[in-house]
Amino acid sequence: MPEGHTLHRAARLQRRRFAGHQLQVDSPQGRFTDGAALLDGRVLEGVEAVGKHLFYRWEDAITVHVHLGLFGKFRTFTRDAPEPTQGTRLRWWGEPGTLHLSGPTACDVMESDAEEQLLLRLGPDPLAVRPGDEQRLQSAFARRRIPVAQLLLDQAVVSGIGNVYRAEFCFLVGVDPFTPANEVPPEMVRDIWRLAIDHMRVGERIGRIVTVDPTEVGVRLHREISSRERLYVYKRQGLGCRRCGSAIRHALLANRTVWWCPTCQR
DNA sequence: GCTGCATGATGAA
DNA sequence: TCATCCTGCAGCA
């Protein structure tokens, strides 16, 4: 379930759990055998997330880059870890427990120049805000004519937003997802950026995407919202909009499905 | 058991 | 714009 919040959360939890420990490493699937052999017996020093990318800092300045893609998953076990599945690309274990990684798009030892190249093509990350980020987003919007919902999936424009958040953010600011990016007013771009910061931070904390305002469904905390009530538009085609009752619509945009409320989003 | 689908991204055309 | 790669699981026979 990997949008940016998932990766930042994984980085935080894995860092807390495994950093500073010597680990044994292998690749049950066999597709990361050389990398695993290089890491085996070394200390994991840190874990960092940027957008949807993870960087593992190992002893002796070795960095491993992981990108979960659509299917990648981590499983961690305190003890009594099960046998790894066929698809377990990377496994490590040590005193704090065991971690299995399956299905990643990327899992590679990465040299520092390659990492630099990668970071250069990532846009601002709402979960790692730096000065000037909103301005960078503003100019990306002003320069591009592609639909706003498509722009929001471009990791060079903003990193970490995925198909759920992009649909929800468009709903929250009330913009039709097909609106050309350069026709979105700057105040609305600013609101998208601020919403991304707030909502993805919530997602990072509670481990799932919740964009519905808790008070709107009669609870106090995001984590108390039921999974059926947590989103406004994503995968809700045909159901009534939570705000106005109109039927939520969906369509394919650049090969990804986007959902929206035809009344609330103009 | 099989099919289709999924919160992603890339490279060829 | 399209095919392709990654894996697991729900939904269906």
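Protein chains get the first letters and strands the later ones, always in sequence-line order, with residue 1 at the start of each.
- Looking at A:Arg57 and A:Glu48, a side-chain N of the basic residue comes within less than 4.0 Å of a carboxylate O on the acidic one, giving a salt bridge.
- Using a 4.0 Å heavy-atom distance criterion, A:Gln155 is classed as a sugar-phosphate-only contact.
- Across the P atoms, C:dG11 and B:dT7 are found 16 Å apart, a figure rounded to whole Å.
- No engagement by A:Arg166 is indicated, since no non-hydrogen atom pair under 4.0 Å with the nucleic acid exists.
- Contact annotation: A:Ser102 reaches the phosphate of C:dG8 (side-chain N/O to OP1 or OP2, under 4.0 Å).
- A:His222 has its side chain out of reach of A:Arg208: every pair of non-hydrogen atoms, C-beta onward, lies at least 4.5 Å apart.
- The CD1 atom of A:Ile161 sits 11 Å away from the P atom of B:dA9 (whole-angstrom rounding).
- Spacing of C1' atoms, C:dC6 relative to B:dG1, comes out at 22 Å, to the nearest Å.
- For the pair A:Leu127 CG and B:dT7 C1', the interatomic distance rounds to 14 Å; values are reported in whole Å.
- Atom-to-atom, CD1 of A:Ile146 to C1' of C:dT1 comes out at 14 Å; the value is rounded to the nearest Å.
- Defined by atom type and a distance below 3.5 Å, a donor-acceptor pair is missing between the side-chain atoms of A:Tyr56 and A:Glu45.
- Both A:Arg89 and A:Asn255 lie close to DNA chain C; mapped to their nearest nucleotides by heavy-atom distance, the more 5′-ward contact belongs to A:Asn255.
- Between A:His67 and B:dA9 there is a side-chain N or O to OP1 or OP2 distance below 4.0 Å.
- One can place CG of A:Leu90 at 15 Å from C1' of C:dT7, the figure rounded to the nearest angstrom.
- In this structure, A:Gln29 reaches the sugar-phosphate backbone alone: every heavy-atom distance under 4.0 Å involves primed, P, OP1 or OP2 atoms, never a base.
- Between A:Arg31 and C:dC6 there is a side-chain polar atom (N or O) within less than 4.0 angstrom of OP1 or OP2.
- For the pair A:Tyr234 and B:dT7, the criterion of a side-chain N or O lying under 4.0 Å from OP1 or OP2 is met.
- Residue whose closest nucleotide on DNA chain C sits further toward the 5' end, between A:Gly69 and A:Arg75: A:Gly69.
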After noting the C-alpha distance and the side-chain angles of A:Trp93 and A:Gln24, does the key distance pass the side-chain hydrogen bond (donor to acceptor under 3.5 Å, both in side chains) rule?
-> CA-CA 5 Å; A:Trp93 64 100; A:Gln24 291 179 269; 3.2 Å; yes

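- One atom, CG of A:Leu68, and another, C1' of C:dG8, lie 14 Å apart when rounded to the nearest Å.
- The environment of CD in A:Glu59 is crowded: more than 12 heavy-atom neighbours from other residues, nucleotides or ligands sit within 6.0 Å.
- Applying the 5.5 angstrom centroid cut-off and the 30 degree plane-angle cut-off, the aromatic ring of A:Phe71 is not stacked upon the base of C:dC6.
- Across the strands present, B:dT7 finds no partner; the criterion is a Watson-Crick or G-U wobble pair with both atom distances under 3.5 angstrom.
- B:dT10 and C:dG8 have their P atoms separated by 22 Å, given to the nearest Å.
- Counting non-hydrogen atoms under 4.0 angstrom, A:Arg208 reaches nothing in the nucleic acid.
- For the pair A:His53 NE2 and B:dT10 C1', the computed distance is 12 Å after rounding to whole Å.
- Salt bridge A:Arg266/A:Asp176: absent, no basic N to carboxylate O contact under 4.0 Å.
- Here the C1' atom of nucleotide C:dG8 and the CG atom of A:Leu101 are 14 Å apart, to the nearest Å.
- Separating the CG atom of A:Leu252 from the P atom of C:dC2 is a distance of 10 Å, rounded to the nearest angstrom.
- Close to B:dT7, at under 4.0 Å from its OP1 or OP2, lies a side-chain N or O of A:Arg256.
- OP1 and OP2 of C:dT7 both lie 4.0 Å or more from every side-chain N or O belonging to A:Lys73.
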